[in-house]
Amino acid sequence: MKLSPEEFKQAVFDLTRLIPSGRVSTYGAIAHCIGASGASRRVGWALNQCFGEIPPVPAHRVVNRLGLLTGAVHFPDDAPMARQLREEGIQVADNQVVGFDEVFWDPWEAGNG
DNA sequence: CATCTGACCTAGT
DNA sequence: AACTAGGCCAGAT
């Protein structure tokens, strides 16, 4: 299953929007869920375009494999990544999610659970 | 046009 | 378990 750039971006957005509050997901999980395992980089690239999208995409709920807020540097000053996470109850320390394994949410639960 | 980099992960040894 | 190599597409130089 191969997705077009538009479908890929949409898939990433839709899947990211499915991430429940107080939870976080990873690029690989999303990429793997949409059938783009290995293309994790594109997930970040797509999420980079999430700003200004309607409905808004909680890209702040997406972190890397280690729970590091690697994308925080690309977030707007009005909506810092770590801050939005804290707004949902997720604790962050040094650009790293606290209890990552506990707040980790697998996109697979989006349509299976 | 060619080369390197980037919100990263998976596979092989 | 630790290390090395490959993938994936687009943007920037």
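No hydrogens, no waters, no symmetry mates; every other heavy atom, side chains included, goes into these values. As the structure is a computational prediction, the values presented were derived from the model and not from experiment. Labels below follow one simple rule: chain letters A, B, ... track the order of the sequence lines, proteins then strands, and each chain is numbered from 1.
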Point to revise | Most 5' of Ser37(A) and Tyr27(A) on DNA chain B, judged by nearest nucleotide | key: Tyr27(A)
Review point. If each of Pro5(A) and Ser40(A) is mapped to the nucleotide of DNA chain C with the nearest heavy atom, which maps nearer the 5' terminus, i.e. the 5' end?
Key: Ser40(A)
Review point. What is the distance, rounded to the nearest whole Å, between atom CZ of Phe104(A) and atom P of dC9(B)?
Key: 10 Å
Exercise for review: Take atom CD1 of Ile30(A) and atom C1' of dC9(B), then tell me their distance rounded to the nearest Å.
Suggested key: 13 Å
Side chain to side chain, [X] and [Y], heavy atoms closer than 4.5 Å:
| X | Y | value |
| --- | --- | --- |
| Leu68(A) | Asn95(A) | no |
| Cys50(A) | Thr16(A) | no |
| Leu18(A) | Trp105(A) | yes |

Check your understanding: For the residue pair Trp45(A) and Phe8(A), does the interplanar ring angle fall in the parallel (under 30°), tilted (30 to 60°) or perpendicular (over 60°) class?
Key -> tilted
Review point. Just by distance, with hydrogens left out, do Glu88(A) and His60(A) show a side-chain donor and acceptor under 3.5 Å apart?
Key: yes
Review point. Taking the side chain from Arg61(A) and the backbone from Arg23(A), do they hold a donor-acceptor pair closer than 3.5 Å?
Key: no
Review point. Do any of residues 42-77 of chain A sit with a heavy atom less than 4.0 Å from DNA chain C, and if so which?
Key: Arg42(A), Trp45(A)
Exercise for review: Determine the Euclidean distance between corresponding P atoms of dG6(C) and dC4(B); express it in Å to zero decimal places.
Suggested key: 15 Å
Point to revise | Interatomic distance at C1', dA5(C) relative to dA7(B), whole Å | key: 22 Å
Check your understanding: Can you give the first and last nucleotides of DNA chain C, 5' to 3', that have an atom under 4.0 Å from a heavy atom of chain A?
Key -> dG7(C) to dA10(C)
Revision key, fill the gap. Sorted by chain and number, sequence neighbours left out, ring-ring contact (aromatic ring centres under 6.0 Å, His included) with Phe13(A) holds for none
Point to revise | Nearest atoms (heavy-atom pairs only) where Tyr27(A) meets Leu47(A) | key: CE2-CD1, 3.9 Å
